[in-house]
S.K.: 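Next up is a structure, given as structure tokens.
Convention: sequence-line order gives letters A, B, ...; per-chain numbering from 1.
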Amino acid sequence: MELRYDPKEIDRKWQDRWDKDGLHRVDNDDPRPKWYEMTMYPYPSGDLHIGHWYAMAPADCHARFRRMQGYNVLHPIGFDAFGLPAENAAISRGVHPYSWTMSNIENMRKQLRSIGAIYDWDREIVCCLPEYYRWNQWLFLKFFHQGLAYRAKAPVVWCPSCQTVLANEQVINGSCERCGTTITRRDLEQWFFRITQYADRLLDFSGLLDWPNKILTMQTNWIGRSEGVEISFDISDKGLEQKEISTFTTRIDTIFGVTFIVLAPEHPLVADLTTEEHREAVEAYVDQARRTSEIDRLSTDTDKTGVFTGSYAVNRLNGEKVPIYIGDYVLMTYGTGAVMGVPAHDARDFVFAQKYRLPVRIVVAPISWDGSELTEAYLGDGFMTNSGAYDGMTDEEGIEAISADIEKKGWGRRTVSYRMRDWLVSRQRYWGTPIPVVYCDKCGIVPVPEDELPVLLPTDAEYIPTGEGSPLASNAGFLNTNCYRCGGTARRETDTMDTFFDSSWYMLRYTSPGYSDGPFDPAVKDWLPVDQYTGGAEHAVMHLLYSRFFIKGLHDMGVVDFEEPFLRLFNQGVILGEDHEKMSKSRGNVVNPDEVVEGLGADAVRCFMMFIGPWDQGGPWSEVGINGVARWLNRVWDIVVREPSDLDAANVDPESVRDTIRLLHQTIRRCHNDLDRFKFNTAIAGLMELANHLNRVWAEGSIDSATWRECIENFLLMLAPIAPHVTEELWERTGQAYSIHQQAFPSWDDALAAEDTITLVVQVNGKVRDKLEVPANIEEAAAQELALASPKVRSYTDGKSVSKTIYVPGRLVNLVVQ
RNA sequence: GCCGGGGUGGCGGAAUGGUAGACGCGGCGGACUUAAAAUCCGCUACCUUCACGGGUGUGUGGGUUCGAAUCCCACCUCCGGCACCA
């Protein structure tokens with residue numbers, strides 16, 4: 001393609017100029033209203049992918065649009081620099097994670113600059129640097145002192161490949177979110193954050209202004225709140241210290257249908273309840289369950305297996321003895337790790353009962369039930385039956401009555417269970433923030449005092465994981481220390497923090513990245529919270545949930561005065577390869593943005609990212625597609641550099657001038673509304689239409705030079721947030737004062753945008769039969785008269801009677817004929 | 001299995017109850033050129049007609065409505081998420 005201008009030269013020229021002039025420096029004291037628009041910071045993999053462009057270029061356009069609307073805009077950038085991938089890559093290349101990460105960042109800064117975004121680089125944050133992670137430690141201690149961080153032994157998720165524990169949120173289909181390895185469980189003592197204490201507040205989305213429903217649904221499902229009853233079964237005849245087994249159910253109305261109890265294989269009572277006769281079988285089963293992979297164990301396809309313990313428990317409501325089984329479909333990590341088996345009204349219990357020939361007793365009768373046996377569990381509503389005093393109640397009434405009675409008798413209590421577990425924040429890896437506590441033989445867990453922070457991550461440590469705990473444990477200089485309380489010998493915590501810790505509060509740090517007396521400067525708190533956040537939907541139940549929790553915690557501690565970190569959220573889609581498949585090296589469909597920028601310029605890539613389709617839908621890369629927008633930018637160049645005085649006043653057609661002004665105002669309105677709602681593709685389409693129109697009237701010579709100038713000026717202003725480099729250049733070439741990016745977005749006049757004629761569609765029985773050009777303000781009677789007079793229409797109405805006429809002002813007349 | 005979001009020309013897409021296919025790509029024809037590229041102009045859903053025109057058409061089948069891509073019901077299909085949570 002032959003270019004009218006050299007995008008490479010223009011990109012460089014203006015990027016240097018903006019840098020030199022500090023055009024993107026954000027002033028905290030600017031009197032204009034603030035707008036904090038943030039995009040998820042990238043992981044410094046070392047190479048800026050086209051996916052980064054897809055996330056960042058439209059986000060920058062939106063932030064620029066807000067700035068042109070008169071806001072003081074903070075649109076920052078940083079690097080998510082800690083974490084497993086950096087470490088793994090560093091290990092395989094034999095370079096230190098620090099130097100690997102920092103050289104990647106150096107490279108990515110250059111690539112990011114090529115986007116031409118309004119990032120204020122003075123506010124950049126890099127969370128693997130001590131000036132950032134010391135505040136991770138400071139915040140960790142805040143949560144610790146608040147009782148929201150605790151250390152406990154629990155069955156945790158372990159990735160054998162990454163050699164570390166993971167949070168539940170990092171397990172995807174039983175595999176490690178990062179490397180895909182099937183995870184296992186380990187009983188380990190770990191650091192947790194009490195996110196479950198905030199479960200109900202996290203379910204309350206009323207503090208959010210505009211979030212995709214999809215994310216709200218995902219968070220709601222992840223938290224998985226269920227109201228139910230904890231009900232205990234009597235095992236006092238076993239002579240054990242533990243006199244009862246507690247189970248959790250949401251269907252206490254089915255308590256009379258219990259025909260067995262199932263314990264999770266890891267349940268602490270398993271060994272005690274197993275009789276001699278069944279010991280061998282039970283031990284074999286438990287052993288087997290322990291070896292079964294998490295994937296198989298959680299697969300819904302596998303049938304329900306179990307083994308009888310030989311013991312029985314008593315259902316206190318009817319005095320019945322029911323057998324106690326062990327089954328791996330019961331999870332130790334949910335509820336009490338034991339369930340009451342009600343085969344008639346639970347699909348899983350039904351399958352289990354069939355397999356082990358356990359009785360099925362219906363206690364909630366289906367509506368019109370004829371008394372016959374069930375072929376599957378009945379989960380619907382009905383009237384209680386076989387339930388003693390509760391017979392005849394609806395199941396809803398049954399839940400109320402039985403719950404109340406159980407509480408009265410002390411056999412159980414109403415409670416709420418959550419699917420979500422506490423957030424496991426410790427990792428057995430090197431490349432992360434050291435957890436700021438020491439272990440003293442005398443004093444136990446001792447937090448590092450605030451004024452001793454940061455606890456520096458030693459640079460001379462072994463960072464290759466051994467599988468025998470954290471790499472830092474083998475670094476004597478780090479490990480051995482003195483107790484901050486008694487001064488005696490102590491060991492440092494050698495686990496590091498989950499990297500989601502970094503991103504849980506980074507929106508605070510951007511407001512004052514150099515501040516050294518706290519995580520952020522309270523003097524600039526007016527920036528917060530974030531007005532608009534953009535990023536991928538894959539963080540729905542990880543980063544976005546953690547961050548909401550974190551900020552609520554900090555709110556309760558008085559660190560911040562708001563409860564939601566991100567008021568509005570927009571999820572962009574995924575950019576696909578030219579073959580419509582997900583981009584991957586193995587498919588060979590990866591696009592290198594640097595090469596395209598080199599050839600066609602940053603603005604062409606920006607435009608294409610926005611023109612490809614709705615931003616939330618993603619879409620396929622297209623070589624010919626980007627050539628199309630590059631060609632359009634050249635056409636724009638060609639049109640804009642024309643000399644307006646070449647227009648000959650003698651040819652001016654007032655009607656054409658009016659049409660042009662009207663289209664200009666319509667385009668301003670459309671472009672404004674579209675950019676406001678992230679509808680970049682239709683905003684660009686509108687600008688293309690305006691450019692086509694201008695090109696046409698130029699050829700006709702039908703407008704005057706003043707109108708031409710007005711159109712060109714406004715056109716450039718509208719294009720400026722989309723294509724900042726070429727518009728700045730053209731702004732200069734058309735004799736306007738630097739910088740176009742400090743101008744206001746054009747405003748429109750509805751009166752000038754109004755059409756004075758419309759195309760009146762005439763339908764007969766809903767089918768279009770004619771189109772008439774009529775004055776926009778036509779009255780109904782006149783419109784009908786014109787419609788009926790149309791010869792085309794008459795051929796359909798002649799000899800028939802018009803029984804009804806529908807008139808839609810400004811649009812159509814529909815004649816209903818018999 | 002459950003919960004979301006989709007399915008519109010050759011392609012990306014526009015239109016959220018009122019002219020289906022804006023805008024762009026591709027294709028075809030023309031201008032310019034010795035020629036090609038680039039650029040510019042015109043045409044471009046399908047069937048039918050010499051033409052004017054007519055008919056059909058937004059995954060499939062029903063429905064509501066004067067009128068449906070748009071609303072309702074059922075189904076097919078693609079993508080994403082969750083998946084024994086008692």
S.K.: How should the glycosidic conformation of G9(B) be described, syn or anti, under the criterion that syn lies within 90° of 0?
M.R.: syn
S.K.: Assess whether a salt bridge exists between E244(A) and R316(A), defined as any Lys/Arg side-chain N lying under 4.0 Å from an Asp/Glu carboxylate O.
M.R.: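 Salt bridge present between E244(A) and R316(A).
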S.K.: Using ring centroids (six-membered ring only for Trp), state whether W621(A) and F608(A) fall under 6.0 Å.
M.R.: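 Yes; W621(A) has its ring centre under 6.0 Å from that of F608(A).
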S.K.: Relative to the ring of F352(A), is the ring of Y356(A) parallel (under 30°), tilted (30 to 60°) or perpendicular (over 60°)?
M.R.: tilted
S.K.: Hey, does R606(A) have a side-chain heavy atom less than 4.5 Å from the side chain of I722(A)?
M.R.: no
S.K.: Q617(A) and Q572(A): side-chain donor and acceptor closer than 3.5 Å?
M.R.: no
S.K.: Between the side chains of S226(A) and Y334(A), does any donor sit under 3.5 Å from an acceptor?
M.R.: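 Side chains of S226(A) and Y334(A): pair found under 3.5 Å.
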S.K.: I'd like to know if the side chain of H345(A) reaches the main chain of A377(A), judged simply by a donor and an acceptor atom lying under 3.5 Å from each other, with no hydrogens or angles considered.
M.R.: no
S.K.: Rounded off to whole Å, could you give me the CE-to-C1' distance for the M218(A) and C3(B) pair?
M.R.: 10 Å
S.K.: On the nucleotide A86(B), are OP1 or OP2 found under 4.0 Å from the side-chain N or O atoms that K304(A) carries?
M.R.: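 Looking at the OP1 and OP2 atoms of A86(B), neither is under 4.0 Å from any side-chain N or O of K304(A).
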S.K.: What string of B, S and - do you get for nucleotides 45-57 of chain B, 5' to 3', when a contact is any protein heavy atom under 4.0 Å?
M.R.: ---------SSS-
S.K.: Taking the P atom in each of U16(B) and G7(B), what is the distance between them to the nearest angstrom?
M.R.: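 Going atom to atom, P in each nucleotide, I get 14 Å.
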S.K.: Send over the distance from I639(A) CD1 to U39(B) P, rounded to a whole Å.
M.R.: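 Result: 13 Å.
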S.K.: If you assign V541(A) and T249(A) each to the RNA chain B nucleotide with the nearest heavy atom, which residue ends up on the more 5' nucleotide?
M.R.: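 On the 5' side of the pair lies V541(A).
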S.K.: Does any N or O donor sit under 3.5 Å from an N or O acceptor when you compare the side chain of Q617(A) with the base of G5(B)?
M.R.: no
S.K.: Ignoring the backbone of V330(A), work out which of A86(B), G12(B), U19(B) is nearest its side chain.
M.R.: A86(B)
S.K.: Tell me if the centroids of the rings in W411(A) and F233(A) come within less than 6.0 Å of each other.
M.R.: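 Not under 6.0 Å, so no.
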S.K.: List the atom pairs, with distances to 0.1 Å, where a side-chain N or O of residues 685-696 of chain A and a protein N or O form a donor-acceptor pair under 3.5 Å, not counting sequence neighbours.
M.R.:
residue	atom	partner	partner atom	Å
E689(A)	OE2	R670(A)	NH1	3.3
N692(A)	OD1	R635(A)	NH2	2.6
N692(A)	ND2	M688(A)	O	3.4
H693(A)	NE2	T660(A)	OG1	2.9
N695(A)	OD1	R642(A)	NH1	3.1
N695(A)	OD1	R642(A)	NH2	2.8

S.K.: Under 4.0 Å, counting only non-hydrogen atoms across every strand here, what does K582(A) touch: a base, just sugar-phosphate, or nothing?
M.R.: nothing
S.K.: Between D253(A) and R251(A), is there a side-chain N and carboxylate O pair less than 4.0 Å apart?
M.R.: yes
S.K.: If the cut-off is 4.0 Å, is S226(A) near the phosphate of A86(B), judged by side-chain N/O to OP1 or OP2?
M.R.: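 Yes, S226(A) has a side-chain N/O under 4.0 Å of OP1/OP2 on A86(B).
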S.K.: With distance as the sole criterion, is a donor-acceptor pair present between the side chains of Y285(A) and T305(A) under 3.5 Å?
M.R.: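 Per modelled atom types, Y285(A) and T305(A) side chains form a pair under 3.5 Å.
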S.K.: Taking atom CD of E773(A) as the centre, report whether more than 12 heavy atoms of other residues, nucleotides or ligands fall under 6.0 Å from it.
M.R.: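 It does: E773(A) CD has more than 12 such atoms within range.
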S.K.: Using side chain to side chain contact (heavy atoms under 4.5 Å, CB included) as the criterion, list what pairs up with S702(A), not counting sequence neighbours.
M.R.: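 Residues passing side chain to side chain contact (heavy atoms under 4.5 Å, CB included) with S702(A): D653(A), S656(A), V697(A), E700(A).
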S.K.: Provide, to the nearest angstrom, the distance between the CZ atom belonging to R421(A) and the P atom belonging to C82(B).
M.R.: 17 Å
S.K.: Checking all strands, does K771(A) fall into the base, sugar-phosphate, or nothing category for heavy-atom contacts under 4.0 angstrom?
M.R.: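 Base: the residue K771(A), judged by heavy atoms under 4.0 Å, touches a nucleobase.
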S.K.: Any heavy-atom pair between the side chains of P7(A) and D603(A) that's under 4.5 Å?
M.R.: no
S.K.: Could you check Q763(A) against G613(A) and say which one's nearest nucleotide on RNA chain B is further toward the 5' end?
M.R.: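 So the residue in question is G613(A).
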S.K.: Just to be sure I understand the geometry, which residues of residues 801-817 of chain A put a non-hydrogen atom under 4.0 Å away from RNA chain B?
M.R.: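 Listed by number, they are K804(A), I806(A), V808(A), R811(A), L812(A), N814(A), V816(A).
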S.K.: Between F500(A) and H543(A), how do the two ring planes meet: parallel, tilted or perpendicular, split at 30° and 60°?
M.R.: parallel
S.K.: Under 4.0 Å between any heavy atoms, over every strand shown, what does N695(A) touch: base, sugar-phosphate, or nothing? Just pick one.
M.R.: sugar-phosphate
S.K.: Under 3.5 Å for both pairing distances: what stems, at least three Watson-Crick or G-U pairs long, include RNA chain B?
M.R.: B:1-7 with B:76-82, B:10-12 with B:23-25, B:26-31 with B:39-44, B:45-48 with B:53-56, B:59-63 with B:71-75
S.K.: Extract from the structure each pairing of a protein N or O with an N or O of nucleotides 22-24 of chain B at less than 3.5 Å, listing the distance.
M.R.:
residue	atom	partner	partner atom	Å
A22(B)	O2'	E689(A)	OE2	3.0
G24(B)	OP1	N692(A)	ND2	3.0

S.K.: Could you state the CG-P distance from L216(A) to G5(B), rounded to the nearest angstrom?
M.R.: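 Spelled out: CG on L216(A) to P on G5(B) is 12 Å.
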